[in-house]
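Given the structure is predicted, the values throughout are model-derived calculations rather than measurements.
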Amino acid sequence: DLFRYLYDVQGEIYFLTVSGDSMVDALIGEGDKIIVDPNRSPINGDIVAAIVDNEWTVKYYFKRNGEVELVPANKHYPIIRPKQSLEIGGVVISVIRKYH
């Protein structure tokens, strides 16, 4: 059923509202709600919600040679490499878009 599909998690989840267009090629856009599972550890290619240098972002996660890169799904944005701090808030497990 739809509830189990959307909430295929064992613990707590949370919702965030997306601002910006850095993930449009992953079909995540301005105003969308993302469902984040804070208990999942990201693997390469997962979309994550993260706090990078004290600012929230949603990007693809890649760890290469011990360094984390957060990659946008929009060619007009740069790859983010944390300068001071990185906290992974969780793995994005679903996107909800409301049509007006």
Notebook entry, point to check: Distance from D37 atom CG to Y14 atom OH, nearest 0.5 Å?
Noted result: 9.0 Å
Notebook entry, point to check: Are L86 and L16 co-members of a hydrophobic cluster defined by side-chain heavy atoms under 4.5 Å apart?
Noted result: no
Notebook entry, point to check: Looking only at atom types and distance, does a side-chain atom of D53 sit under 3.5 Å from a main-chain N or O of K83, one as donor and one as acceptor?
Noted result: yes
Check: Same hydrophobic cluster for V36 and W56, using side-chain heavy-atom links shorter than 4.5 Å among ILVMFWY?
Finding: yes
I'd like a table of donor-acceptor pairs (distance under 3.5 Å, sequence neighbours excluded) in which one partner is a side-chain atom from residues 66-76, with atom names and distances.
from: E69; atom 1: OE1; to: R64; atom 2: NH1; distance (Å): 2.1
from: E69; atom 1: OE2; to: R81; atom 2: NE; distance (Å): 3.1
from: E69; atom 1: OE2; to: R81; atom 2: NH2; distance (Å): 2.9
from: N74; atom 1: OD1; to: H76; atom 2: N; distance (Å): 3.0
from: N74; atom 1: ND2; to: D21; atom 2: O; distance (Å): 2.9

Next item on the list: List, by chain and then residue number, the residues other than Y77 in its hydrophobic cluster (Ile/Leu/Val/Met/Phe/Trp/Tyr, side-chain heavy atoms under 4.5 Å); write none if there are no others.
Entry: none
Taking only distance into account, with no hydrogens and no angle test, what donor-acceptor pairs under 3.5 Å do side-chain atoms of residues 25-34 form with protein atoms, sequence neighbours excluded?
from: E30; atom 1: OE1; to: G20; atom 2: N; distance (Å): 2.5
from: D32; atom 1: OD1; to: R97; atom 2: NE; distance (Å): 2.9
from: D32; atom 1: OD2; to: G29; atom 2: N; distance (Å): 2.7
from: D32; atom 1: OD2; to: R97; atom 2: NE; distance (Å): 3.4
from: D32; atom 1: OD2; to: R97; atom 2: NH2; distance (Å): 2.6
from: K33; atom 1: NZ; to: T17; atom 2: OG1; distance (Å): 2.7

Notebook entry, point to check: Between I47 and K59, does a side-chain contact (heavy atoms from CB on, under 4.5 Å) hold up when you go through it step by step?
Noted result: CA-CA 5 Å; I47 297 175; K59 301 285 183 284; over 6 Å; no
Check: After noting the C-alpha distance and the side-chain angles of V52 and Q84, does the key distance pass the side-chain contact (heavy atoms from CB on, under 4.5 Å) rule?
Finding: CA-CA 8 Å; V52 182; Q84 297 173 1; over 6 Å; no
Next item on the list: Output all residues satisfying side chain to side chain contact (heavy atoms under 4.5 Å, CB included) with N54, sequence neighbours left out; order by chain, then residue number.
Entry: S85
Check: So, do I35 and V92 sit near enough that their side-chain heavy atoms are less than 4.5 Å apart?
Finding: no
Margin query: Could you report the tightest heavy-atom contact between I88 and A50, atom names first, then the distance?
Written below: CD1-CB, 4.0 Å
Note to self: Return the CG to OH distance between D46 and Y60, rounded to the nearest 0.5 Å.
What the structure shows: 10.5 Å
Checklist line | Minimal non-hydrogen separation, N44 against F62, with atom names | finding: OD1-CA, 3.2 Å
Note to self: Ignoring hydrogens, what is the shortest heavy-atom contact between S41 and V91? Give both atom names and the distance.
What the structure shows: C-CG2, 4.2 Å
Next item on the list: Check P42 against V48 and note the closest heavy-atom contact, atom names and distance.
Entry: CB-CG1, 3.6 Å
Checklist line | For Y61 against I43, the heavy-atom pair lying closest together | finding: CD2-O, 3.7 Å
